[in-house]
Protein chains: 2
Amino acid sequence: MQLVIEKSKEKTLLPKIMKAAIKLFNKKGITGTTTKEIAEKAGVAEGALYRHFKGKDELAWYIFTENLNKFSINLQNCVEHKKTAKDKIKVLVSTSLASYEKDKELFTYLLISEHRELNKFPENYMHPGHVVLKIIEEGQKTGELKKMNLYVAGSILMGSLIRFCAIRMYGTVNDDLCNYEDEIFTGIWRAIKND
Amino acid sequence: MQLVIEKSKEKTLLPKIMKAAIKLFNKKGITGTTTKEIAEKAGVAEGALYRHFKGKDELAWYIFTENLNKFSINLQNCVEHKKTAKDKIKVLVSTSLASYEKDKELFTYLLISEHRELNKFPENYMHPGHVVLKIIEEGQKTGELKKMNLYVAGSILMGSLIRFCAIRMYGTVNDDLCNYEDEIFTGIWRAIKND
DNA sequence: TATATGAGTGAATAATCACTCACATATAAA
DNA sequence: TTTATATGTGAGTGATTATTCACTCATATA
């Protein structure tokens with residue numbers, strides 16, 4: 001895994017373009033959004049987009065990969081400071097939920113783009129799945145976690161989290177996800193701990 | 001001049017059109033797929049599509065809602081025959097995994113369309129979430145399941161299942177999902193049972 | 001001061017797209 | 001047989017689209 005070269009230089013219109021694009025992509029889908037709309041919403045000329053990206057698809061791809069990588073690196077940092085699998089998973093849950101609440105538009109985009117962009121995800125970029133699998137692998141070795149198929153355990157951990165974000169996205173749950181972090185953690189922990 | 005075309009078992013071209021559309025939608029997204037492509041893949045004229053649907057979006061919507069409803073009704077039927085929450089969940093898990101394996105293209109489409117179509121999902125149609133919530137509600141009442149937030153429990157149950165289908169979709173897991181039904185069930189059950 | 005460069009503009013363009021329609025054919029009803 | 005209805009065809013159309021490009025502007029460097 002490697003850190004990413006930061007493309008934005010603060011002075012440019014790039015952040016404006018990305019914010020506008022994320023909102024529109026969430027609402028209308030990527031191919032359903034026109035470059036004209038992005039430019040309008042960003043208060044920018046259409047051509048500005050092409051100073052930073054080859055085209056619309058590269059913009060969509062960039063937003064996804066950069067932010068998922070950034071989020072995963074952050075996750076990894078939070079997790080590394082903890083010693084036990086229990087604490088690692090606890091902080092993974094709380095960080096994930098808090099991240100969603102902190103930037104709903106961005107994380108909504110990451111959720112709905114997963115299936116579209118994941119097959120082109122760069123090998124040297126970091127993905128939350130990497131963090132999760134590592135925790136589980138190590139936890140099973142130390143005996144903290146029950147021996148079971150890695151992907152089954154990983155699916156329970158990641159799947160529960162993602163689904164809870166999704167039902168918040170749909171409006172089924174309407175209050176801050178952080179209110180539920182203990183309950184979600186407890187459920188996940190009961191599923192995969194060793195006893 | 002007109003070629004003699006082999007007659008299919010079905011009376012209309014609708015099944016051909018839907019099958020072709022599902023495959024293309026999975027590969028390129030809905031707005032990324034053209035009506036011309038659908039017609040070509042189905043071996044049909046472009047106009048045939050408009051004999052059955054108002055347009056491309058209605059076709060996409062129809063495939064999603066009809067099949068998700070059908071699947072949910074089937075789930076509900078399987079579940080109703082069981083008495084305990086444990087057996088209900090067990091059969092829900094196995095039926096879901098088997099359904100995915102039976103028609104991967106269709107269920108892949110249902111998975112990736114969820115975020116796009118769910119907000120327009122008809123109220124009188126059935127959704128897997130309905131089945132899941134009912135099981136959990138009843139199970140908590142009888143004391144079989146641990147008292148916890150319904151949506152937390154629902155997310156663990158549905159999220160684990162969906163994520164496992166997703167990693168099969170991505171090719172991370174490559175063998176029949178039914179091989180894992182016991183392990184997945186056990187994990188989910190440990191998370192939500194009362195003890 | 002002169003010059004080089006990166007960033008932004010928006011009208012113009014070439015390509016693509018969803019959808020239409022006049023006509024053909026098959027099936028069922030009258 | 002005649003009539004009606006549903007289904008299928010595919011070239012044609014108007015609208016939309018992503019992308020380009022010649023030009024401007026601001027800033028930094030020599």
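The structure displayed is predicted, hence computed values, not measured ones. Convention: sequence-line order gives letters A, B, ...; per-chain numbering from 1.
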Between P of D:dT19 and CD of A:E58, the distance in whole Å: 10 Å
With a 4.0 Å cut-off on N to O distance, would you call A:D57 and A:R116 a salt bridge? yes
Per-helix bend value, the helix from C:dT1-D:dA30 to C:dA30-D:dT1, C1' rotation axes over five pairs per end, 10° rounding, shows 10°
Could you check whether any side-chain N or O of B:E66 sits under 3.5 Å from a backbone N or O of B:I63, counting only pairs where one atom can act as donor and the other as acceptor? no
Give the C-alpha distance, both sets of side-chain angles, the deciding distance and a yes or no for side-chain contact (heavy atoms from CB on, under 4.5 Å) between B:T12 and B:H52. CA-CA 10 Å; B:T12 71; B:H52 302 280; 3.9 Å; yes
So, are B:E114 and A:R163 salt-bridged, with charged N and O less than 4.0 Å apart? yes
Tell me what A:G55 touches on the nucleic acid: a base, only sugar-phosphate, or nothing, going by heavy atoms under 4.0 Å. sugar-phosphate
Between C1' on D:dT17 and NZ on A:K28, what's the gap in Å once rounded to a whole number? 12 Å
Spacing between A:L14 atom CG and C:dG8 atom P, to the nearest angstrom: 8 Å
Can you check the A:E40 CD to D:dT16 P distance for me, whole Å? 13 Å
Closer than 3.5 angstrom, by distance alone: can the side chain of B:T95 be matched with the main-chain N or O of B:L92 as a donor-acceptor pair? no
Roughly how many Å is it from CG in A:L49 to P in D:dT19, rounded to a whole number? 9 Å
Minimum heavy-atom distance A:E101-A:C178, with the two atoms named: CG-SG, 4.4 Å
One character per nucleotide, please: for nucleotides 12-17 of chain C, 5' to 3', B when the base has a protein heavy atom closer than 4.0 Å, S when only the sugar-phosphate does, - otherwise. -----S
Could you tell me whether a side-chain N or O of B:E117 sits under 3.5 Å from a main-chain N or O of B:T65, the two making a donor and an acceptor? no
Return the value, rounded to whole Å, for the distance between atom CZ of B:F53 and atom P of C:dT20. 15 Å
Using atom OH of A:Y50 as one end and atom P of C:dG10 as the other, report the distance to the nearest whole Å. 16 Å
Short side-chain N/O contact to C:dG8 OP1/OP2 from A:H52, under 4.0 Å: yes
Salt bridge between A:E80 and A:K88, side-chain N to carboxylate O under 4.0 Å? no
Using whole Å, report how far CD1 of B:I17 lies from P of D:dG10. 13 Å
Would you mind checking if A:R190 and A:D195 are paired as a salt bridge, meaning a charged N to carboxylate O distance below 4.0 Å? no
